[in-house]
Every structure is written in C-alpha cells, then in structure tokens.
Amino acid sequence: MHNFTWWNPTIVFFGEGTIPKLAEQLSAIRARSVLLLYGGGAIFKNGAYAQVTEALTRAGIEFPEVGGVLPNPRVDKVREAIARIKAVPVDAIVPIGGGSVFDSAKAVAAGACYDGDVWDFFEKKAEVQKALPIFGVLTASATSSEVNDIAVVSNPESEFKTSISSPLLFPKVSVIDPTLQFTLPERQTVNGGVDIMAHVLERVLDGDEGAELMDEQGYALLRSMMRLIPDLIENPKDYDARAEYAWAASIAHSGFLSCGRNGRGDFASHKLGHALSLLFDVPHGASLSVMMPAWARYLHEEYPVPFARLAENVFDIYDGTDEDKALEGIESLEDFFGSIGAPTTLRELNVQEEDVRRLAENASSHGSFGKLKCLSEEDVLEIYKLAY
C-alpha cells in the first residue's frame, strides 16, 4: 500500500428521524441565518422541506431560500445564490437534496467568500481560501458529495463540466434519512446506483497493484449494489435496502476506497460521461452506464489484469486467459446495467453518429486524462465509437 492520509471531518447523522440534529448542530455554532438551497419539488413531496424548516424555526434560525438547482448543476444558479448571500449574509448553507444540490452548495460556500467570479476556482485561476460551513440533508444518494470535498458544476457558456476540491468544502454535518428516498422515481434509483458502482469501479480498475485490501472492499460494494438495485426496483420502500444503498453511496466516493492507492482512482469514464451530460443533458448515471463498459472494452486487451480480477471477484468468472475473463466480465457488467434498465449505448441516449467527434473534442479540450491509460483525443474518439 502507498502512504496516505485519511481525514474526513463530516459528522453524519444516519437514520429515520435524524433531521432535528441539523438544527442542534447549527445552534451549536450560534447560527442565526442560513441559506436553504434545493432543486425542484421533490423535497416538498417527501417531507424534507417541512421537517427542516420546522426544526430551524424552533431553533430561531432564519432561512432565506434559493431553489431550482438542476440535476446537472450549473454555474449560473451558483452565481445567483452567491449574489443572494453577498446582499444578505448568512452563517451557513443548508443544501436539501441530492449530489447536485450538495455540489452547488460547496461552490456557493467558496464563492460567497471570494471577491472574484466563482468559476475562477474551476478554471484553476484561484484556490479556495475560505468557505461558509455546510450543514446538509441528503434526499437522493449517489455521489458521496455529502461526505467528500468535491463539487462538480457545468458551465454551458464555455461548454465545460469540471470539478473543484478543497478540505474547506467538506460538509460540517450531513443528515441521511433513508425514508426520504422512498419516493424517488425508479429511474433515479437506477441512475444513482450506477453512479455508486462507477465510483467503486474507478478505483478497482485503475491498475494499482498495491491496494488489494481496498479492492476487496470495492468488490464487496459492487456485489451489494447488484443485489440492492433490483431489490429497490421491486420494493422502493424497503428500509433496510434503502439504508444499505444510501450508506454504500456515501462510502463509495468518500475517499475511503482510495486509501493506500496511488491517487484517487482512474475517473476517465467520469470525464467521458461529463461531456455527455454537458452537451446532451444526459443524467450522470446514464452517461456512466454507457461510457464505463466502452472504456473497459477499449483497454481490456492492453491492460487485462484489473478487468480479469473484477470478473473473478464480482461475477465468478474463472475460466480462460486474463483477456478472456476480462472481456466476459465487461460483458457481464454491461448485461447487469441493461437488466436494471440503464442505457448501454449512445444510440439509446439519442446521440447521433455525427455527434461522436464533438463529444471527443469536448472531453479532450483540456488535455489528456486517465490513470490506467492516459487517453489522447484519438483514444477518446475510439471509445465514443465503441459506445455507439
């Protein structure tokens, strides 16, 4: 294992009925006003909004609001929230929602304490030096944004979707009540589940030879997700399945699986998916169910070992050469995605063949990327062709 530093300062209150803990924690820092940040109407239907505002009101905490965060969060909404805070300062930010709302909250937290444009952080023109504290309520599990220091935001004007990270962006407190996810649409459960699996796959397929212990943790998470997603499709209000799914999501991209690795993981598939989400407004999970198998097919002959290990440990495939096992494992992963209704080709996302080159150009516009193999624009183009 490589040397590493493990530090995660987020306090998690997990389980049914934990929302009142949020107000208690805000009172402990003497917060008197917080910005509520959320997306659409789901938080009103699942009861999260009512529970949060009731707890804040009882604690005597004011809560100006900004809604309308999109599933692929955009910098214009971030700027709107920052302007609101600079006009009327608050003591903290309270995101209520899924990963897009938490990601937006982190960007807002940093931008509210910065004199320039928040997009400077994403273009690496500035570093986060200060940020407002974040106390959030998670209503859709997938991204681990509730327990990590990463924020992914899109800028349609510059056709760029990218991320920032800083230790200052870890949420102080995250409340995870699985019952708030009982009413999620099936498609969101599927897309979120694919995202969780992809966060694990980005680690176990990165080619690192010195992290077998963490690979084993990853394989177990993948097997669990292959059980939990179908269970929740059949019974979306199964509390135990929802709870396991939610905690798997938090573990997957919290940094835990990167301990002992040389870097955080590969994340080429995420980069390939970002271009799809940006240019075609494809849900993040749907972009990953298409791009991850295509990326794997492109690399499995040159780098068969991590794919063969995946085949053995997740799909019980042991016969044949490493190349044979690798390909069969990739096909099994793709088959699983298809079995839960996730797309596996660009055609299913209504992407036209003539759009493939545009996707490759966008994904490669800021240079090569990837850990298992550093992908050139030519590599990227071939992967998108395989995905078609």
Less than 6.0 Å separating the ring centroids of His274 and Phe267? no

Got Phe63 and Val52 here, is their nearest side-chain heavy-atom distance under 4.5 Å? no

Testing Asn148, Asp149, Val147 one by one against Ser145 for a side-chain contact (heavy atoms from CB on, under 4.5 Å), which residue passes? Asn148

Ser141-Gln181 side chain donor-acceptor pair, cut-off 3.5 Å: yes

In short, Ala142 meets Gly192 closest at the heavy-atom pair CB-CA, 3.6 Å

Return the minimal non-hydrogen interatomic distance between Met225 and Ala248, and the atom names on each side. SD-CB, 3.7 Å

Output yes when Lys371 and Asp208 qualify as a salt bridge under the 4.0 Å nitrogen-oxygen rule, no when they do not. yes

With a 4.5 Å heavy-atom cut-off, do Ser269 and Leu201 have their side chains touching? no

Taking Leu288 as the starting point, is it possible to reach Ile229 by hopping between hydrophobic residues whose side chains are less than 4.5 Å apart? yes

Quick check: is Ile96 connected to Phe102 through a chain of hydrophobic side chains (ILVMFWY, heavy atoms under 4.5 Å apart)? no

Filter on ring pair (Phe, Tyr, Trp, His ring centres under 6.0 Å), then keep only pairs touching residues 307-348, sequence neighbours left out; what's left? Trp295-Phe307

Expected output: side-chain Ser364 to main-chain Ala360 donor-acceptor under 3.5 Å: yes

Check for a donor-acceptor pair, side chain of Thr10 on one end and backbone N or O of Pro171 on the other, with a separation under 3.5 Å. yes

Under 4.5 Å between any side-chain heavy atoms of Phe256 and Met214, yes or no? yes

Regarding Thr321 and Asp324, do their side chains bring together a donor and an acceptor under 3.5 Å, going by distance alone? yes

Apply the test side-chain contact (heavy atoms from CB on, under 4.5 Å) to residues Lys77 and Ser104: give CA-CA distance (whole Å), side-chain angles for both, the deciding distance (0.1 Å), then the verdict. CA-CA 8 Å; Lys77 182 60 65 173; Ser104 297; 5.7 Å; no

Atom pair CD/CZ of Gln129 and Phe121 - distance to nearest 0.5 Å: 8.0 Å

Does Leu299 belong to the same Ile/Leu/Val/Met/Phe/Trp/Tyr cluster as Val290, with side-chain heavy atoms less than 4.5 Å apart forming each link? yes

Does any part of the side chain of Phe280, heavy atoms only, come nearer than 4.5 Å to the side chain of Leu359, both counted from C-beta? yes

Does any part of the side chain of Glu62, heavy atoms only, come nearer than 4.5 Å to the side chain of Arg32, both counted from C-beta? no

Verify the neighbour count for atom CD of Glu301: are there more than 12 heavy atoms of other residues, nucleotides or ligands below 6.0 Å? no

Can you classify the ring geometry of Tyr49 versus Phe44 as parallel (below 30°), tilted (30 to 60°) or perpendicular (above 60°)? tilted

Is the backbone of Thr345 close enough, under 3.5 Å, to the side chain of Glu348 for a donor and an acceptor to pair up by distance? yes

Qualifying residue, where the test is side-chain contact (heavy atoms from CB on, under 4.5 Å) with Arg84 and the options are Leu37, Val66, Val90: Val66

Of all the heavy-atom pairs spanning Val101 and Tyr38, show the shortest one and how long it is. CG1-CA, 3.9 Å

In this structure, which one of Ile164, Ile82, Val108 forms a side-chain contact (heavy atoms from CB on, under 4.5 Å) with Val118? Ile82

Stepwise side chain to side chain donor-acceptor pair (under 3.5 Å) test for Ser250 and Glu146: CA-CA 7 Å; Ser250 294; Glu146 70 277 5; 2.5 Å; yes

Do the side chains of Tyr384 and Met292 join up, straight or via other hydrophobic residues, at under 4.5 Å, putting them in one cluster? yes

Would Ser376 and Asp379 satisfy side chain to side chain donor-acceptor pair (under 3.5 Å), going step by step from the backbone distance to the final call? CA-CA 5 Å; Ser376 66; Asp379 293 319; 3.1 Å; yes

Is there a donor-acceptor pair closer than 3.5 Å between any side-chain N or O of Asp120 and the backbone N or O of Lys125? no

Non-hydrogen side-chain atoms of Leu278 and Asn72 separated by less than 4.5 Å: no

For Thr344 versus Gly338, what's the shortest heavy-atom pair and its separation? CG2-N, 4.1 Å

Leu168 reachable from Val78 in the ILVMFWY side-chain graph, under 4.5 Å edges: yes

Modelled atom types, side-chain donor and acceptor of Arg203 and His253, under 3.5 Å: yes

Any ion pair linking Asp266 and Arg261 (charged N to carboxylate O, less than 4.0 Å)? no

Look at the aromatic rings of His199 and His284 and report parallel, tilted or perpendicular, splitting at 30° and 60°. tilted

Counting C-beta onward and ignoring hydrogens, is there a side-chain heavy-atom pair between Val200 and Met197 closer than 4.5 Å? no

Starting at CG of Leu386, measure out to CG of Leu381 and round the result to the nearest 0.5 Å. 10.0 Å

Would you sort out whether Tyr303 and Asp206 count as a side-chain contact (heavy atoms from CB on, under 4.5 Å), showing the intermediate values? CA-CA 10 Å; Tyr303 304 95; Asp206 72 352; over 6 Å; no

Quick one: closest heavy-atom pair of Ala342 and Val190, and the distance? CB-CG1, 4.1 Å

Using a strict 4.0 Å threshold on nitrogen-to-oxygen distance, state whether Arg58 and Glu54 make a salt bridge. yes

Main-chain N/O of Thr183 paired to Asn46 side chain as donor or acceptor, under 3.5 Å: no

Counting only heavy atoms not in Glu378, do more than 12 sit closer than 6.0 Å to its CD atom? no

Value rounded to 0.5 Å, distance of NZ in Lys86 from SG in Cys113: 8.5 Å

Will you find, in the side chains of Glu382 and Tyr298, an N or O donor that is under 3.5 Å from an N or O acceptor? no

State whether the side chain of Asp91 and the backbone N or O of Ser33 hold a donor-acceptor pair below 3.5 Å, judged by distance alone. yes

Strictly distance-based, threshold 3.5 Å: is any side-chain N or O of Lys106 a donor or acceptor partner for the main-chain N or O of Ile150? yes

Verdict with reasoning, Leu36 to Thr53, per side-chain contact (heavy atoms from CB on, under 4.5 Å): CA-CA 9 Å; Leu36 291 191; Thr53 54; 3.8 Å; yes

Electrostatic pair Lys325-Glu328, nearest N-O below 4.0 angstrom: no

Are any of the side-chain heavy atoms of Ile134 and Pro95 separated by less than 4.5 Å? yes

Is a salt bridge present between Arg309 and Glu209, judged by a nitrogen-to-oxygen distance below 4.0 Å? yes

How long is the span from the CG atom in Leu180 to the CD atom in Glu16, to the nearest 0.5 Å? 9.0 Å

Sidechain-backbone polar pair: Arg297 side chain, Ala387 backbone, donor-acceptor under 3.5 Å: no

Under the side chain to side chain donor-acceptor pair (under 3.5 Å) test, residues paired with Asp238 that sit two or more places apart: none

As a quick check of understanding, evaluate side-chain contact (heavy atoms from CB on, under 4.5 Å) for Phe369 and Val380, giving each step before the final call. CA-CA 10 Å; Phe369 54 90; Val380 169; 3.7 Å; yes

For the student: nearest non-hydrogen atoms of Leu257 and Ala252, plus distance: CD1-O, 3.8 Å

